[in-house]
Amino acid sequence: MRNNRMDILAANPLARALHCELFETGAEPVNTCRFVFLDPRTTRLYPDWERVAREGVGGPAGRGRQEPLRPRAVEPDR
């Protein structure tokens, strides 16, 4: 599970195994964008690195700047 800043908030054992390089960085919190741009291994992990990088940069804006940790305002029933 990720937040809108691309921080990994939770991962099950399978996710950790599939993306072990991401969790080996030692950075806290684990962040997918930081990994893509700062770790040289990502060009080997992602053959289409440019697309992954472009989506990482455009991701939060493309989601309408949602804040998943804050509850959405709900219209009262009338």
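The figures that follow rest on heavy atoms only: side chains count, while hydrogens, waters and symmetry mates do not.
With values rounded to the nearest 0.5 angstrom, Arg44 atom CZ is found 8.5 Å from Asp39 atom CG.
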Would you tabulate the side-chain donor-acceptor contacts of residues 18-38 under 3.5 Å, counting partners in other chains and residues two or more places apart, or write 'none'?
unit_1: Glu24; atom_1: OE1; unit_2: Arg41; atom_2: NH1; d: 3.2
unit_1: Thr25; atom_1: OG1; unit_2: Leu22; atom_2: O; d: 3.3
unit_1: Thr25; atom_1: OG1; unit_2: Ala27; atom_2: N; d: 3.3
unit_1: Asn31; atom_1: OD1; unit_2: Cys33; atom_2: N; d: 3.0
unit_1: Asn31; atom_1: OD1; unit_2: Arg34; atom_2: N; d: 2.8
unit_1: Asn31; atom_1: ND2; unit_2: Arg5; atom_2: O; d: 2.8
unit_1: Asn31; atom_1: ND2; unit_2: Asp7; atom_2: OD1; d: 2.7
unit_1: Thr32; atom_1: OG1; unit_2: Met6; atom_2: O; d: 3.3
unit_1: Arg34; atom_1: NH2; unit_2: Pro29; atom_2: O; d: 2.1

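For the pair Pro47 and Leu45, the tightest heavy-atom approach, listed with the atom from each and the gap, is CD-O, 3.4 Å. Heavy-atom minimum distance, Arg2 versus Ile8: CG-CD1, 3.5 Å.
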